[in-house]
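Below is one structure, written out as structure tokens; comments come after it.
Worth saying up front: this structure is predicted, and the values here are computed from it rather than measured. Each chain gets a letter, A, B and so on, in the order its sequence line appears, and its residues count up from 1.
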Amino acid sequence: DVKVTQSSRYLVKRTGEKVFLECVQDMDHENMFWYRQDPGLGLRLIYFSYDVKMKEKGDIPEGYSVSREKKERFSLILESASTNQTSMYLCASSSTRNLDTTGELFFGEGSRLTVL
Amino acid sequence: DQQVKQNSPSLSVQEGRISILNCDYTNSMFDYFLWYKKYPAEGPTFLISISSIKDKNEDGRFTVFLNKSAKHLSLHIVPSQPGDSAVYFCAASGGSNYQLIWGAGTKLIIKP
């Protein structure tokens, strides 16, 4: 079974703090994604990566950055956390770039971040 | 402007009856549609998908119907079971951007 592990299930941070969210997958997937989930808005793509050291902006990249130094690990960084970044953050991986073929994303359990 | 809309935030269905979850989309370039299921404190898991070349896809108790002219798809669960209680997300992809566009989700509650 594919396993996507997010390092922290719950975090509470203060405004202006730097926040790291870590994600590791164990199925040798090339493609990894960071989403945030907010009530009434569904899942919105922040950043994604198709290869090591490669990153592309999603729909809402402002205020975030990412790092992919190893194939299995994809980190999301909030350089200076703000209250509007309070959300559920979901990491996902897939074996194919073209989701039209398999369409299957494998998600981690999520990291709920509260910024005070 | 949401390209994928799930207009019902929640739906309550009696155990054993049919659950019908609806999803509308606006982008005619979408050609692949998926449903994901999410339990509290867990990540979404893939449930079923359909390509635009089909109008129906079945997998056990789950059937997805696609009406391209109406830009509408629906997920039918028959019979509904207590374990089906979850949030269901509709997602779409297509065109030059392979990324998924997600609906806001519908919370399904199955009453015993």
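The CG atom of B/Leu47 sits 10.5 Å away from the CD atom of A/Glu104 when rounded to the nearest 0.5 Å.
Note: A/Gly42 leads A/Gly42, A/Pro39, A/Gly40 in heavy-atom pairs under 4.5 Å with chain B. Most heavy-atom pairs under 4.5 Å with chain B: of the set A/Gln37, A/Arg9, A/Arg112, this distinction falls to A/Gln37. The choice from B/Pro44, B/Gly103, B/Ala104, B/Gly105 that makes the most heavy-atom pairs within less than 4.5 Å of chain A is B/Pro44.
A/Phe106 and A/Met32 fall into different hydrophobic clusters, where Ile, Leu, Val, Met, Phe, Trp and Tyr are joined by side-chain heavy atoms under 4.5 Å apart, directly or via other members. Following chains of ILVMFWY side-chain contacts shorter than 4.5 Å, one cannot reach A/Ile46 starting from A/Phe33, and the two form parts of different hydrophobic clusters. The hydrophobic clustering, which links ILVMFWY residues whose side-chain heavy atoms are closer than 4.5 Å, places A/Phe107 and A/Leu21 apart. Cluster annotation: B/Ile77 is not connected to B/Phe65 through the hydrophobic network of ILVMFWY side chains, with a link wherever side-chain heavy atoms come within less than 4.5 Å. Note on A/Val66 and A/Leu113: same hydrophobic cluster, where clusters join Ile, Leu, Val, Met, Phe, Trp and Tyr whose side-chain heavy atoms are under 4.5 Å apart, directly or indirectly.
When side chains are defined from C-beta on, A/Leu105 counts as touching B/Tyr36, because their heavy atoms get closer than 4.5 Å.
B/Pro9 does not touch chain A: none of its heavy atoms, backbone or side chain, sits under 4.5 Å away. Using a 4.5 Å cut-off between heavy atoms, A/Leu90 touches chain B through its side chain atoms alone.
Heavy atoms of other residues, nucleotides or ligands lying less than 6.0 angstrom from NZ of A/Lys71 number more than 12.
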